[in-house]
Amino acid sequence: MLTIKKVYKSFPGEKTDNLVLDGIDLEIKTGEFVALLGPSGCGKTTLMNIVAGLEQASSGTVTLHGKEVTKPGPDRGVIFQESGLFPWMTVEQNVAFPMKQQSRFSKEYIKNSVDRYLRMVHLHKYRDALPHQLSGGMKQRTAIARTFAMEPEVLLMDEPFAALDEQTRMMLHYQLGKIWQESKKTIIFVTHNIREALILADRIIVMATQPGKIKKEFIIEESRPRDFQNDILHYHEKQIFDALGEEIDKVMKQEMGESIYAQKNRIHGDSDSYMGGAI
Ligand SMILES: Nc1ncnc2c1ncn2[C@@H]1O[C@H](COP(=O)(O)OP(=O)(O)OP(=O)(O)O)[C@@H](O)[C@H]1O
């Protein structure tokens, strides 16, 4: 169980501190796939960084199986929007590299594990390729193989597919869904994209903004693989869109000013850009 308890986070502002996370309480079961959804700036990345141990909460705690998280550790793997591969290493070397830094993995184990995860992401034929020879989707698949191969208990994925085209993204949703079902890891997945969250997650947490807090959550029980020929997913999509509407309005009002904003129609026009253009 991953427990986030009364987490507050402020960053120093010009005159006063800027409250970004306002008392986040969240319990995530082992093996659960949770998506965090919210408008730009609501604190999704900040929360992920705190869970990863890259950032400290101003107050409150994060615990994994009862043990407090205070710094990064091998029990939590992080995947960002950029794959972060070493350009001078092959696909295979990139996947093996972090494992080699850990004494808990033998040479034989690393070899088998790299092979297994490269097969899982369908990159075993590209094991000797260098990153510049790969497409964006292949780079992200390498990053996924590298993180899963480290066998973390929790995967923290911060908009890992946001920079990819729609088709590649759909393929990666399918592959990630399969790997997750096989490995049963706990995943927290940050996204701007309602459909991405609906395709992947067991539970979708919608965040409110300014300051960031949990607004509503949705349990998605549909069987996998999922697609959008499904009325129940459409129903959830509408509910989630409505829950986000107010939050997107808040961001638009603040950025555009009340008077300009008042001239615009609500939500459907400019709101796309506040959700990464991907509602
Ligand atoms: N290191 C920092 N110092 C000061 N302010 C910060 C810092 N990191 C984040 N912030 C502020 O915290 C708020 C939340 O940022 P965060 O990146 O967590 O939001 P987000 O929901 O992930 O946004 P996006 O969807 O656009 O990536 C923003 O107002 C941001 O400017």
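The figures that follow rest on heavy atoms only: side chains count, while hydrogens, waters and symmetry mates do not. Residue numbers count from 1 along this sequence. Just so you know, ligand 1 is whichever comes first in the structure, and atom 1 is the first atom listed for that ligand.
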Do any nitrogen or oxygen atoms of ligand 1 lie under 3.5 Å from a protein nitrogen or oxygen, and which ones?
from	atom 1	to	atom 2	distance (Å)
ligand 1	18 (O)	T45	N	3.4
ligand 1	18 (O)	T46	N	2.9
ligand 1	18 (O)	T46	OG1	2.5
ligand 1	19 (O)	G43	N	3.3
ligand 1	21 (O)	G41	N	3.4
ligand 1	21 (O)	C42	N	3.1
ligand 1	21 (O)	G43	N	3.0
ligand 1	21 (O)	K44	N	3.0
ligand 1	21 (O)	K44	NZ	3.0
ligand 1	22 (O)	T45	N	2.9
ligand 1	22 (O)	T45	OG1	2.8
ligand 1	23 (O)	G41	N	2.8
ligand 1	25 (O)	K44	NZ	2.8
ligand 1	25 (O)	H192	NE2	2.9
ligand 1	26 (O)	S40	OG	2.6

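A cation-pi arrangement is absent between K178 and W180, since the terminal nitrogen or guanidinium carbon is not both under 6.0 Å from the aromatic centre and inside a 45° cone about the axis.
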Quick one: side chains of residues 170-177, donor-acceptor pairs under 3.5 Å with protein atoms, not counting sequence neighbours, listed by atom name and distance.
from	atom 1	to	atom 2	distance (Å)
H173	ND1	R169	O	3.4
H173	NE2	E196	OE2	2.6

Only pairs under 3.5 Å count here: list side-chain donor-acceptor contacts from residues 51-62, not counting sequence neighbours, and write none if there are none.
from	atom 1	to	atom 2	distance (Å)
Q56	NE2	T70	O	2.8
S58	OG	S10	N	2.9

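Residues satisfying the side chain to side chain contact (heavy atoms under 4.5 Å, CB included) criterion with A201, sequence neighbours excluded, are F33, A35, I204.
Side chain of R146 to main chain of S83: a donor-acceptor pair is present (N/O by atom type, distance under 3.5 Å, no hydrogens or angles).
Exactly one residue among T142, D115, T90, N94 makes a side chain to side chain donor-acceptor pair (under 3.5 Å) with R127. That residue is D115.
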